[in-house]
Amino acid sequence: MGMFDALNNSASALTAQRLKMDVVSSNIANADSTRGKLVNGKWEPYRRKMVVTEPNGSSFNTMFQTAVDSRSGGTGGGVKVDGIVDDQTPFKMVYQPDHPDADKNGYIKLPNVDPLKEMVDLVSSTRSYEANVTALNAAKGMYLKALEIGR
């Protein structure tokens with residue numbers, strides 16, 4: 001275990017949670033966008049985005065062996081963002097015959113964004129972000145105390 005592993009792990013988690021909050025904000029902002037993407041000359045509604053994260057730098061087997069091996073004192077390598085993917089759940093169909101994007105039957109497609117689900121994701125990311133800030137400050141405090149011992 002290196003001296004700054006705790007700081008690096010918290011920093012990677014802070015970065016990932018910040019990105020998740022940005023994506024949730026984008027989803028909420030586009031919750032009513034009927035023209036999100038032009039596909040084959042026709043507009044499709046905005047499609048909900050999701051952030052995919054994974055452990056940084058190791059496979060599950062490597063991390064398991066590191067955790068089992070008591071001599072290494074492995075702490076993992078934090079997390080990394082693997083990508084931002086589109087949610088493939090179907091769009092919501094709403095009857096609005098006066099809308100400019102309505103089909104011949106009067107229905108429009110609305111984005112597959114559920115504001116309640118987005119708020120749950122936002123609160124979860126916020127809490128995780130706060131927990132990582134607390135862990136970062138605790139590690140910083142321990143390093144400062146170690147420096148005081150060395151005086």
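Reckoned from all heavy atoms, side chains included, excluding hydrogens, waters and symmetry mates.
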* To do: Could you tell me whether the side chain of Arg47 and the main chain of Val85 form a donor-acceptor pair under 3.5 Å?
  => no

* Would you say the side-chain atoms of Ser25 pair up with the backbone N or O of Met21, donor to acceptor, closer than 3.5 Å? -> yes

* To do: Please step through side-chain contact (heavy atoms from CB on, under 4.5 Å) for the pair Asn132 and Leu136, ending with a clear verdict.
  => CA-CA 6 Å; Asn132 280 291; Leu136 190 81; over 6 Å; no

Give me the atom names and distance for the closest heavy-atom approach of [X] to [Y].
X     : Y      : result
Phe91 : Asn112 : CD2-N, 4.0 Å
Ala6  : Ala139 : CB-CB, 4.1 Å
Pro45 : Pro111 : CB-N, 3.8 Å

To the nearest 0.5 Å, what is the distance between [atom1] on [X] and [atom2] on [Y]?
X      : Y     : atom1 : atom2 : answer
Leu38  : Lys42 : CG    : NZ    : 11.0 Å
Ser12  : Gln17 : OG    : CD    : 10.0 Å
Ile108 : Lys92 : CD1   : NZ    : 10.5 Å
Lys140 : Leu7  : NZ    : CG    : 9.5 Å
Gln88  : Met50 : CD    : CE    : 8.0 Å
Leu19  : Ile84 : CG    : CD1   : 4.5 Å

* Asked: What's the verdict on salt bridge (Lys or Arg N to Asp or Glu O under 4.0 Å) for Asp121 and Lys20, showing C-alpha distance, side-chain angles and the deciding distance?
  -> CA-CA 8 Å; Asp121 287 349; Lys20 282 184 178 182; over 6 Å; no

Going by heavy atoms in the side chains, are [X] and [Y] under 4.5 Å from each other?
X      : Y      : value
Ile28  : Val113 : no
Leu14  : Tyr129 : yes
Leu110 : Thr34  : yes
Lys109 : Met93  : yes

* Nonpolar side-chain network containing Val79, other nodes, edges under 4.5 Å -> none

* To do: Begin with the C-alpha distance, continue with both residues' side-chain angles, and end with the deciding distance and a verdict on salt bridge (Lys or Arg N to Asp or Glu O under 4.0 Å) for Arg48 and Asp86.
  => CA-CA 6 Å; Arg48 179 179 182 252; Asp86 289 341; over 6 Å; no

* Option from Asp22, Val24, Asn30 for which side-chain contact (heavy atoms from CB on, under 4.5 Å) with Ser26 holds ->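 The side-chain contact (heavy atoms from CB on, under 4.5 Å) with Ser26 is passed solely by Asn30 among Asp22, Val24, Asn30.
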
* Evaluate whether atom CZ of Arg18 has more than 12 neighbouring non-hydrogen atoms of other residues, nucleotides or ligands under 6.0 angstrom away. => no

* Chi angles and distances behind the salt bridge (Lys or Arg N to Asp or Glu O under 4.0 Å) call for Arg151, Glu148 -> CA-CA 5 Å; Arg151 285 187 195 179; Glu148 286 180 11; 5.4 Å; no

* Asked: Do Asn105 and Tyr95 have side-chain N/O donor and acceptor atoms under 3.5 Å apart?
  -> no

